[in-house]
Amino acid sequence: MEVAGAGFLNFRLRVDAIQKALAGANRGEHLFFGRAEDPQTIVLDFSSPNVAKPMHVGHIRSTILGDCLARAHRLLGHRVITDNHIGDWGTQFGMLLFGWKTLLDKVALDRDPIAELERVYKAVNAKCDESRPDYDAATHETARAELVKLQGGDPGNIAIWREMIRLSQLQFDTIYGRLGVKFDHVLGESFYNSRLQAVVDELMARGIARESEGAKCVFSDGALPPKEDPFLIHRDGEWQPNPQLIQKRDGGFNYATTDLATLAYRLETWTPSEIIYVTDGRQQLHFQQVFSTFRRWHPERANTVKLVHVWFGSILGDNGKPLKTRSGENVKLAELLDEAEERAFKIVTEKSVNLPEPQRREIARVVGVGAVKYADLLPNRQTDYVFSWDKMLALNGNTAPYLQYAYARIQSILRKAGETSNLEHQTSNTQLEAPEELALARHLLNFGLVIEALAAEKRPNYLCNYLYELSSLFTRFYENCPVLKSEETTRTSRLTLCDLVARVIRQGLEILGIEVLDQM
Ligand code: ARG
């Protein structure tokens with residue numbers, strides 16, 4: 001240890017301490033990270049797409065980010081409960097039911113159910129929107145009547161509604177399968193229907209909500225300075241009320257009402273110490289209001305839980321505007337993944353024509369999906385990022401293929417070494433001498449700190465940058481320190497180091513939800 005100028009202390013790790021840590025990892029005692037001392041129960045609400053609509057790139061960020069947070073917290077030993085809060089209730093079902101009964105094309109429904117439901121929805125919606133030229137009061141009235149019937153439990157409408165959910169869930173499951181994402185629960189919005197009236201009644205009785213223009217709303221209680229108060233908004237030079245709607249004039253409930261009921265249910269059911277919601281940044285005010293209302297409603301219970309909104313920015317196209325297809329539609333997630341795999345397949349084929357096609361397809365799948373995920377996790381989540389195929393699929397640069405390639409390259413070194421010596425008998429001792437070896441080994445030791453920082457701040461980009469640095473340090477090491485051609489002791493030591501780097505890359509990518517390949 002030494003004093004290094006004003007206010008700084010430098011600590012140097014002794015080489016034998018580093019070697020000891022590496023030996024422990026090599027014996028399988030740890031992989032440079034530890035388990036949490038007091039494991040927490042954490043509820044993670046992410047993905048949460050809407051029924052009868054295709055998942056689009058906006059849902060990709062929530063799904064990928066949320067899954068990564070689940071993986072990181074689990075690895076650290078926490079009890080993670082993932083809950084997909086799908087949008088399976090709301091006014092859109094009035095229109096969907098009417099469309100289902102009058103416009104549905106059964107053949108199209110069999111071919112691509114979500115596309116057909118979307119078509120039907122759009123056609124009816126255009127007639128129910130008073131601001132549109134083809135507004136049709138009769139259609140609007142009928143759609144509303146279908147909704148009332150559904151809400152009243154009409155068996156015919158309930159059956160159709162269930163079928164729409166089933167068809168949507170099939171599509172969601174296909175995509176989750178491709179992304180390797182699983183949920184413990186799928187308690188959609190409709191699950192909370194029977195609890196909503198009680199939420200409103202309690203908030204009214206407690207004076208937290210009151211009537212305003214026929215609707216029921218939560219207003220500011222004045223406890224916070226205006227700048228931090230989500231129930232106030234600065235407009236026309238003054239602070240004005242920005243109420244949270246919990247029951248509409250027609251008796252219908254709002255998105256916020258469902259979230260309040262959901263929060264209460266989760267606390268009762270799982271007693272978590274933290275609940276994490278992963279959505280885009282436009283929902284910030286919504287969650288600030290939900291958390292604040294909940295604290296007023298259940299102050300003691302609110303004290304036992306940390307409520308966190310993990311929000312993210314948009315994915316932009318080349319033009320700097322939110323990513324759309326050429327015809328101005330939302331880009332569909334399934335098509336995006338298809339294109340990623342197709343592009344990766346072309347690249348793999350260019351580079352290794354002689355691999356059998358099934359193997360090239362498998363490489364393309366792992367690389368393509370990995371590239372999309374990594375591109376999403378690498379930027380600071382709160383900034384918008386520009387979607388670029390070329391960038392995310394590049395073999396050099398901070399990309400998934402680069403890291404996957406680094407891993408595959410190490411596997412190839414280990415394979416070659418295995419042909420001439422028995423790796424099982426690798427000694428657990430490394431002898432770190434060259435500066436490149438030391439730099440690489442020291443970086444391995446930081447793995448645990450990075451996972452913990454990722455979990456604490458919900459920022460996967462920390463891990464992306466760590467792995468990129470690790471791979472760069474590995475390249476520098478490999479260029480300067482011969483492995484296979486060294487004499488026996490050095491060779492064994494360096495092979496051990498290679499193996500540990502590969503294991504950390506694989507574990508790190510696994511936290512990011514990205515697969516590796518032994519050969520690319
Ligand atoms: N279904 C919503 C959407 O697509 C996201 C739901 C997020 N979770 C929640 N508890 N509000 O925007």
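When a ligand or atom number is given, it counts from 1 through the structure's own listing order.
Among protein heavy atoms, the minimum distance from atom 4 (O) of ligand 1 is reached at Asn50 ND2, 3.2 Å. Looking only at heavy atoms of the protein, atom 6 (C) of ligand 1 is closest to Tyr255 OH, 3.2 Å. Summary of contacts: the protein heavy atom closest to atom 12 (O) of ligand 1 is Gln283 NE2, 3.0 Å. With hydrogens left out, the protein atom closest to atom 8 (N) of ligand 1 is Asp45 OD1, 3.1 Å, a heavy atom. What sits closest to atom 2 (C) of ligand 1 on the protein, heavy atoms only, is Ser48 O, 3.6 Å.
For an aromatic pair to be called close, the ring centres must be under 6.0 Å apart, and Phe183 with Phe46 satisfies this.
Heavy atoms of Thr262 found under 4.0 angstrom from ligand 1: none, in either backbone or side chain. Heavy atoms of Phe287 found under 4.0 angstrom from ligand 1 belong exclusively to the side chain. Contacts with ligand 1 closer than 4.0 Å are made by no heavy atom of Asp280, backbone or side chain.
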For residues 282-293, tabulate all N or O donor-acceptor pairs below 3.5 Å that involve a side-chain atom, not counting sequence neighbours.
from	atom 1	to	atom 2	distance (Å)
Arg282	NE	Asp280	OD1	3.3
Arg282	NH2	Asp280	OD2	2.9
Gln283	OE1	Tyr255	OH	2.7
Gln284	OE1	Trp311	NE1	3.2
Gln284	NE2	Gly281	O	3.0
His286	NE2	Asp259	OD2	2.8
Gln289	NE2	Pro230	O	3.0
Gln289	NE2	Asn242	O	3.0
Thr293	OG1	Gln244	OE1	2.6
Thr293	OG1	Gln289	O	3.0

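Interface of Thr279 with ligand 1, defined as ligand atoms under 4.0 Å from a residue heavy atom, comprises 7 (C). Shown in contact with Tyr277 at under 4.0 Å from a heavy atom are these atoms of ligand 1, numbered in order with element: 10 (N).
Here atom 9 (C) of ligand 1 lies nearest to His85 when heavy atoms of His85, Lys53, His59, His56 are compared.
The aromatic rings of Tyr176 and Phe172 sit tilted relative to each other, their planes meeting at an angle between 30° and 60°. Trp270 and His185 have tilted rings, their planes meeting at an angle from 30° to 60° on a 0 to 90° scale. Classified by interplanar angle (parallel below 30°, tilted 30° to 60°, perpendicular above 60°), the ring pair His140/Tyr135 is perpendicular. The aromatic rings of Tyr192 and His85 sit tilted relative to each other, their planes meeting at an angle between 30° and 60°.
Between Trp100 and Val124 there is no side-chain heavy-atom pair separated by less than 4.5 Å.
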From CA spacing to verdict: side-chain contact (heavy atoms from CB on, under 4.5 Å), Leu203, Ile246: CA-CA 9 Å; Leu203 291 172; Ile246 54 168; 3.8 Å; yes
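Between His286 and ligand 1, no N or O atom pair is found at a separation short of 3.5 Å.
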